[in-house]
Amino acid sequence: ELEEFQKTPSTQEELETIPLLEISDINKNPRPLISKKSQVENITVLHSDIFTNGIGYVDIAFDCSRMPEKYHQYIGLLKYLLTYMDTDRDYMELNMDIDLNLGGLAFDTGLYVSQSENKIKLNTEIHFKALNENIKIAYEIINEVILKTKFDNEKRLKELLEELKLRMNRRIVSSGDSVARLRAMSYYSKAYYLRDQIAGLAFYEFISDIVDNFNEKKDEVIAMLYDTVKKVFVKDNMILNFAGDGENFEKVKEYTVDLKKNMFDSSDDFKEQFDGWKFVPQQKNEAIVTSGQVQYVTMAGNYNDEGEKEEYDGSFFVLGNIMRNKYLWNNIREKGGAYGCNCVIGKTGDGFFSSYRDPKLKESVEVYKKAPEFIENFNVDEREMRKYIIGTISLLDTPLNAADISGREFTNYMAGVPYESLCKTRLKVLATTPEDIRNLAPKVKKIIDRNNICVVGSKSAIEGSRELFKEIKELR
């Protein structure tokens, strides 16, 4: 009887006895943006005055948006070398100092697309958290790492590059969906091309080439690393973001001004190169052959026509939830046997469909191509629609700790997201109807019709779908 009960689906009447929020129960306003912007010594400063239990959360960003293209991959490389190479002391002693005094210190890259200006901002960023009494120590360590890292320790440099190549190779084989997604979107998008250069397949190929030809390239690489540090950590390009109380905020501003004094001056010769670089779209439609036996299949595109930018429709948030949990789940996950599936259509008009650890390839591409038809015919009752809206709001209202709040403030500032835009999007999510979803079908069709495809997967599956690709290459 128990087995029969488990196999018998619940009736509609039984399902409707389950309590469900009303849309009117949901707050119509998004979380407020709380950071206050100011200037100190020509440094843009953001402060979130929130309770942090005696911990200071600090982000220091250096704007690299207009750096010549030859530096991009070295900007991506710095995050894997800074704090992991000797300064005037051994790197192990340095890291022991970090571990004993800080809650974490990381050099990173950040890439943002301004919604209002549609401009790309590329940062080198330093993130750390520490007890308020140890924040000064963090600044001393940062100053040491930037000014005194010894990139000419060839043995240590080679070790780190070999470790990085191995880690990235394993990640591509075991979790290649993010790599395939970045690569497919890099064919047509300047922002995603940059992301691919500093964190995707292009970056992996850059590292692989250095490792495979280390003796021939080491002098050039070392010289470029020193040069990149001097071009990145420049006095004129700093932004500070701090979450914590007002008293410690004043101290952090002082420490940041002192740090700025030790940073590099902009060279007049180099300033003349700060005229940007031209991105040339190139639809490569690649297949990356790995030793794995599953696929990561991506199709991507932008629904905006060239030279135009349509206003973003907040219903896309709900559509993404519907596609992930209904259409793709049923066809890619349950019928196709993939471990996962995804669909996101962002505020810049960029969208993608992807699968994770997928035994299929060609069949998944066909599922993506039929998505506009599903959307065009989408129809559910009010209760079912409400579930999708509630699920979407739950993604927007994920609980945030102090570090998350600080990061949200910084990201929204860098991307130029006004609070009014967040309000408008949320209200549209709450008001989304099946008709609104159906009206998105033409835009999704545009994304699919762009036909940007990238697959990471097994040789047999890729060879069996050769007609989908312009280039097939093996992961080195």
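Values in this document were obtained by computation on a predicted structure and should not be read as measured data. The figures that follow rest on heavy atoms only: side chains count, while hydrogens, waters and symmetry mates do not.
Around the NZ atom of Lys473, the shell of radius 6.0 Å holds more than 12 heavy atoms that belong to other residues, nucleotides or ligands. Enclosure of atom OH in Tyr419 by more than 12 non-hydrogen atoms of other residues, nucleotides or ligands within 6.0 angstrom is indicated. Residue-environment remark: NZ (Lys260) exceeds the threshold of 12 foreign heavy atoms within 6.0 Å. In Lys218, the NZ atom is crowded: over 12 heavy atoms of neighbouring residues, nucleotides or ligands sit closer than 6.0 Å. Open room surrounds NZ on Lys459; 12 or fewer heavy atoms of other groups in view lie less than 6.0 Å from it. Remark: Glu311 CD is loosely packed, at most 12 non-hydrogen atoms of other residues, nucleotides or ligands lying under 6.0 Å away. Applying the 6.0 Å contact sphere to CD of Glu162 captures more than 12 heavy atoms from other residues, nucleotides or ligands. Within a 6.0 Å sphere centred on NZ of Lys470, other residues, nucleotides and ligands contribute more than 12 heavy atoms.
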**Prompt:** Please walk me through it: do Phe233 and Ile126 pass side-chain contact (heavy atoms from CB on, under 4.5 Å)?
**Reply:** CA-CA 11 Å; Phe233 298 105; Ile126 307 164; 4.3 Å; yes
Worksheet item: Can you list the steps and then say if Phe353 with Ile448 is a side-chain contact (heavy atoms from CB on, under 4.5 Å)?
Response: CA-CA 9 Å; Phe353 293 80; Ile448 296 297; 3.6 Å; yes
**Request:** Under the side-chain contact (heavy atoms from CB on, under 4.5 Å) rule, what do Val344 and Arg324 come out as? Steps first, then yes or no, please.
**Result:** CA-CA 9 Å; Val344 174; Arg324 289 187 295 271; 4.0 Å; yes
Checking Tyr356 against Tyr296 for the ring pair (Phe, Tyr, Trp, His ring centres under 6.0 Å) test, could you report, in this order, the C-alpha distance in whole Å, the side-chain angles of both residues, the deciding distance, and whether it holds?
CA-CA 5 Å; Tyr356 177 78; Tyr296 305 91; 5.7 Å; yes
| How far apart are the C-alpha atoms of Lys428 and Asp436, what are their side-chain angles, what is the distance that settles it, and do they pass the side-chain contact (heavy atoms from CB on, under 4.5 Å) test? | CA-CA 10 Å; Lys428 184 59 180 176; Asp436 292 326; 3.5 Å; yes
| query | Going through the distances and angles, do Asn241 and Ser406 end up as a side chain to side chain donor-acceptor pair (under 3.5 Å)? | reply | CA-CA 8 Å; Asn241 179 51; Ser406 179; 3.0 Å; yes
Set out, in order, the CA-CA distance, both residues' side-chain angles and the distance that settles ring pair (Phe, Tyr, Trp, His ring centres under 6.0 Å) for Phe128 and Tyr139, then state yes or no.
CA-CA 10 Å; Phe128 74 84; Tyr139 274 86; 5.7 Å; yes
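No donor-acceptor pair under 3.5 Å is formed between the side chain of Thr124 and the backbone N or O of Thr109. Judged purely by atom type and a 3.5 angstrom limit, Arg333 has no side-chain atom pairing as donor or acceptor with the backbone of Gly340. Judged purely by atom type and a 3.5 angstrom limit, Ser208 has no side-chain atom pairing as donor or acceptor with the backbone of Tyr204. Under a 3.5 Å cut-off, the side chain of Arg195 and the backbone N or O of Leu111 do form a donor-acceptor pair. Proximity of a side-chain donor or acceptor of Asn95 to a complementary backbone N or O of Thr83 within less than 3.5 Å is detected. Under the 3.5 Å distance criterion, the side-chain polar atoms of Asn285 are matched with a main-chain donor or acceptor of Ile453. With hydrogens and angles disregarded, a donor-acceptor distance shorter than 3.5 Å links the side chain of Tyr327 to the backbone of Val367. With hydrogens and angles disregarded, no donor-acceptor distance shorter than 3.5 Å links the side chain of Ser465 to the backbone of Leu468. In this structure a side-chain-to-backbone donor-acceptor pair under 3.5 Å is present from Tyr188 to Gly301. Judged purely by atom type and a 3.5 angstrom limit, Arg450 has no side-chain atom pairing as donor or acceptor with the backbone of Ala300.
Within the 4.5 Å cutoff, side-chain heavy atoms of Ser355 are placed close to those of Tyr368. Side-chain contact between Ile222 and Glu154: present, with at least one pair of heavy atoms (C-beta onward) separated by less than 4.5 Å. Leu328 places none of its side-chain heavy atoms less than 4.5 Å from the side chain of Asn342. You'll find the side chain of Leu147 reaches within 4.5 Å of the side chain of Asn262, heavy atoms only. Annotation: side chain of Gln197 is not in contact with side chain of Ser186 (no heavy-atom distance under 4.5 Å). Val318 has its side chain within reach of Met385: a pair of non-hydrogen atoms, C-beta onward, lies under 4.5 Å apart. Counting only heavy atoms from C-beta outward, the side chains of Lys190 and Pro281 never approach each other to under 4.5 Å. Leu182 places none of its side-chain heavy atoms less than 4.5 Å from the side chain of Leu201.
Below 30°, between 30° and 60°, or above 60°: for Phe279 and Tyr193 the angle between ring planes is between 30° and 60°, a tilted geometry. Tyr303 and Phe316 have parallel rings, their planes meeting at less than 30° on a 0 to 90° scale where 60° marks the start of perpendicular.
A salt bridge links Glu159 with Lys155; the closest basic N to acidic carboxylate O contact falls under 4.0 Å. Salt-bridge formation is detected for the pair Glu384/Lys387: a Lys NZ or Arg NE/NH1/NH2 atom is positioned less than 4.0 Å from an Asp or Glu carboxylate oxygen. Salt bridge status for Asp86 with Lys150: absent, with no side-chain N to carboxylate O gap under 4.0 Å. The pair Glu363-Lys335 does not meet the salt-bridge criterion, since no charged nitrogen lies less than 4.0 angstrom from a carboxylate oxygen. Look at Lys445 and Glu376 and you find no salt bridge, because none of the NZ, NE, NH1 or NH2 atoms lies under 4.0 Å from a carboxylate O.
The SG atom of Cys64 sits 8.5 Å away from atom CG of Leu78, with the distance rounded to the nearest 0.5 Å. Put simply, CG on Asn134 and CD on Glu140 are 10.5 Å apart, with the number rounded to the nearest 0.5 Å. Atom-to-atom distance recorded for Phe62:CZ and Asn123:CG is 10.0 Å, nearest 0.5 angstrom. Atoms CE and CG, on Met67 and Asn237 in that order, are 9.0 Å from each other to the nearest 0.5 Å. One distance of note links CG of Leu33 with OG of Ser421; it measures 10.0 Å at 0.5 Å rounding.
Tyr187 pairs with exactly one of Glu286, Gln283, Gln282 by the side-chain hydrogen bond (donor to acceptor under 3.5 Å, both in side chains) rule, that one being Glu286. Considering Thr228, Ile198, Leu161 as possible partners of Leu77, the one that fulfils the side-chain contact (heavy atoms from CB on, under 4.5 Å) test is Leu161.
In this structure, Met414 and Ile239 approach most closely via the heavy-atom pair SD-CD1, 3.8 Å. The shortest non-hydrogen separation linking Tyr388 to Lys326 is OH-CD, 3.1 Å. In plain terms, the two heavy atoms of Arg438 and Asn377 that are nearest each other are CD-C, 4.5 Å.
Side-chain atoms of Tyr71 and Asp227 form a donor-acceptor pair, as typed in the model, at a separation below 3.5 Å.
Applying the salt bridge (charged side-chain N to carboxylate O under 4.0 Å, His left out) rule to pairs touching residues 389-412 yields Asp397-Arg426, sequence neighbours excluded. Pairs of residues two or more places apart, or lying in two chains, that qualify as side-chain hydrogen bond (donor to acceptor under 3.5 Å, both in side chains) and include a residue from residues 314-323 are Asp313-Ser315, Ser315-Thr432, Asn321-Asn325, Asn321-Thr392.
Taking the centre of each ring, Tyr91 and Tyr84 stay at or above the 6.0 Å mark.
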